[in-house]
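When a ligand or atom number is given, it counts from 1 through the structure's own listing order. Excluded from the calculations below are hydrogen atoms, water molecules and symmetry mates; all remaining heavy atoms, backbone and side chain alike, are included.
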Amino acid sequence: MLKITAARVIVTCPGRNFVTLKIETSDGVYGIGDATLNGRELAVASYLNDHVIPCLIGRDAHQIEDIWQYLYKGAYWRRGPVTMSAIAAVDMALWDIKAKVANLPLYQLLGGACRTGVMVYGHANGASIEETLDNAAVYAEQGYKAIRLQSGVPGLKTVYGVSKDRFFYEPADAALPSESLWSTEKYLRSVPPLFEAAREKLGWDVHLLHDVHHRLTPIEAGRLGKDLEPYRPFWMEDATPAENQANFRLIRQHTTTPLAVGEVFNSIWDCKQLIEEQLIDYIRATVVHAGGITHLRRVAAFADMHGVRTGCHGATDLSPVCMAAALHFDLSIPNFGIQEYMRHTAETDAVFPHAYSFEDGMLHPGEAPGLGVDIDEDLAAKYPYSRAYLPVARREDGSMHDW
Ligand SMILES: O=C(O)C(=O)C[C@H](O)[C@H](O)CO
Ligand SMILES: [Mg+2]
């Protein structure tokens, strides 16, 4: 038995907030897990400190599945982003421990590698089409095989997903939610010219992606998907809010543009109908927000039965611990699609030293035992928590719009 002797939550803010769980065992081996939920970080820290850690002490760290079931079924109040991020952090840490004890990189415990590397996509953005495509050209020169394009919208002051910084993008932008103005009509007019110009400039050998950030109704999403078909996007992401999974039937009726959704999902139940009815082509649920490696493998297996591939979220608000775990997962599953890769800053990378590396448009988790990532607690302590929120969107008449 490998007894869990201690566990603690480390909150740090090297430019943005991260929450990390560290579990220690009787053999001195420890594991870490990402528990970061952007804009609600302290809720997960409390869920872990006040409701999970007391139940972990004394348990056998090798019993990953039993502990997962205990934390999921035993919670009574099942699911939700806070609960499932807390469970995810425990799950990642326990897989880290098990792989360290086995002296193997985690992907070897998940069935070994199904591929030589993990194809990633970078984030090109800019205030104008020209600026966005100049940014995209840099990613193409760096060897990226896939690039997401997000451009400013003429007539709108700011657009979510368009960073003030050329290469680093931090979604949480203020200590209280900033408010941005939204116009669907202006947005819908702006995207097709962006993709037409992108194919002109970048050619057809690079995958081009776009994120709608839940802003359209199903029929508007169908219209945008149809408008983009001539430019063959790799996917149109978060086209419409997905609480009503049946909404995607309407989009599917109008366009063959591939659909991706799921970065806000926290369990298989959020995507069961979407997958079963093949209403999407890529499921974006992540290790940190969907219950960890144990649950995400179930989602991937279910998706594989229905011809759906993975496309895990990988923004900067998912820590390098989650990125490392995602890469082991991505390497080991048969229906991997693509992995989002928003590079972290040097400050963040210093707090989370890691073995994963980028080469020729792909990331690889490396061969270090476990997840291959650590947290420098002394350095982490130098960056105290600093409240930050994601912005909200209001329409031109002042009414609230879908996130
Ligand atoms: O990376 C993406 O696809 C995003 O949509 C960014 C998210 O809005 C961000 O990670 C939310 O915290
Ligand atoms: Mg997104």
Side-chain angles (χ1 to χ4, degrees), residues 13 15-19 34-44 81-82 84-85 88 120-125 135 139 144 146-151 158-165 167-174 177-178 180 182 187 191 207-216 221 224 233-242 258-266 270-271 274 280-290 310-323 326 337-345 348 363 387-393 401-403:
C13 187
R16 69 120 29 242
N17 293 307
F18 294 108
V19 179
D34 185 14
T36 307
L37 184 62
N38 198 0
R40 299 294 184 271
E41 291 87 357
L42 297 189
V44 185
V82 173
M84 298 309 281
S85 297
V120 293
Y121 69 89
H123 278 237
N125 65 92
N135 201 223
Y139 280 98
Y144 281 78
I147 303 167
R148 188 182 97 166
L149 303 175
Q150 305 292 139
S151 187
T158 58
V159 179
Y160 185 77
V162 178
S163 165
K164 300 175 191 71
D165 178 298
F167 290 107
F168 293 104
Y169 166 60
E170 175 41 62
D173 66 0
S178 58
S180 61
W182 174 254
Y187 166 74
V191 184
H207 296 302
L208 298 177
L209 302 86
H210 184 65
D211 192 345
V212 183
H213 288 114
H214 325 273
R215 300 274 168 111
L216 301 179
L224 179 58
F234 184 86
W235 79 32
M236 181 168 73
E237 172 187 343
D238 282 345
T240 194
L259 301 175
V261 77
E263 69 182 56
V264 300
F265 292 174
N266 56 80
D270 294 331
C271 50
L274 290 168
I280 57 172
D281 303 276
Y282 297 93
I283 180 64
R284 287 193 33 80
T286 67
V287 175
V288 60
H289 298 133
T310 65
C312 294
H313 185 206
T316 43
D317 48 284
L318 285 66
S319 89
V321 181
C322 178
M323 180 52 76
I338 197 167
Q339 171 64 51
E340 179 175 3
Y341 177 43
M342 257 194 223
R343 286 165 306 173
H344 290 102
T345 62
T348 296
L363 278 178
R387 192 179 72 198
Y389 281 82
L390 285 161
V392 299
H401 190 63
D402 281 307
W403 191 80

_Tell me the protein heavy atom at minimum distance from atom 1 (O) of ligand 1, and give that distance in Å._
E340 OE2, 2.4 Å
*asked:* Here's one to test your reading of the geometry: is the NZ or CZ of R343 within 45 degrees of the ring axis of Y341 and under 6.0 Å from its centre?
replied: no
*Return yes or no for this condition: an N or O of H123 is under 3.5 Å from an N or O of ligand 1.*
no
*Specify the protein heavy atom at minimum distance from atom 7 (C) of ligand 1: its residue, its atom name, and the distance to 0.1 Å.*
E263 OE2, 3.2 Å
*List the steps, then state whether ring-ring contact (aromatic ring centres under 6.0 Å, His included) holds for Y121 with Y139.*
CA-CA 9 Å; Y121 69 89; Y139 280 98; over 10 Å; no
_Atom of E237 nearest the Mg ion (ligand 2) (restricted to N/O/S, atom name only)_ = OE2
*To the nearest 10 degrees, how large is the angle at the Mg ion (ligand 2) between D211 OD2 and E263 OE1?*
170°
*Purely on distance, is any nitrogen or oxygen of D238 under 3.5 Å from one on ligand 1?*
no
*Compute the shortest N/O to N/O distance between Y121 and ligand 1 and return yes if it is under 3.5 Å, no if not.*
no
*Can you tell me the protein heavy atom closest to atom 10 (O) of ligand 1 and the distance?*
D317 OD1, 2.8 Å
*Does a side chain donor of either S178 or D173 reach within less than 3.5 Å of an acceptor in the other side chain?*
yes
_R148, portion touching ligand 1 at heavy-atom distance under 4.0 Å_ = side chain
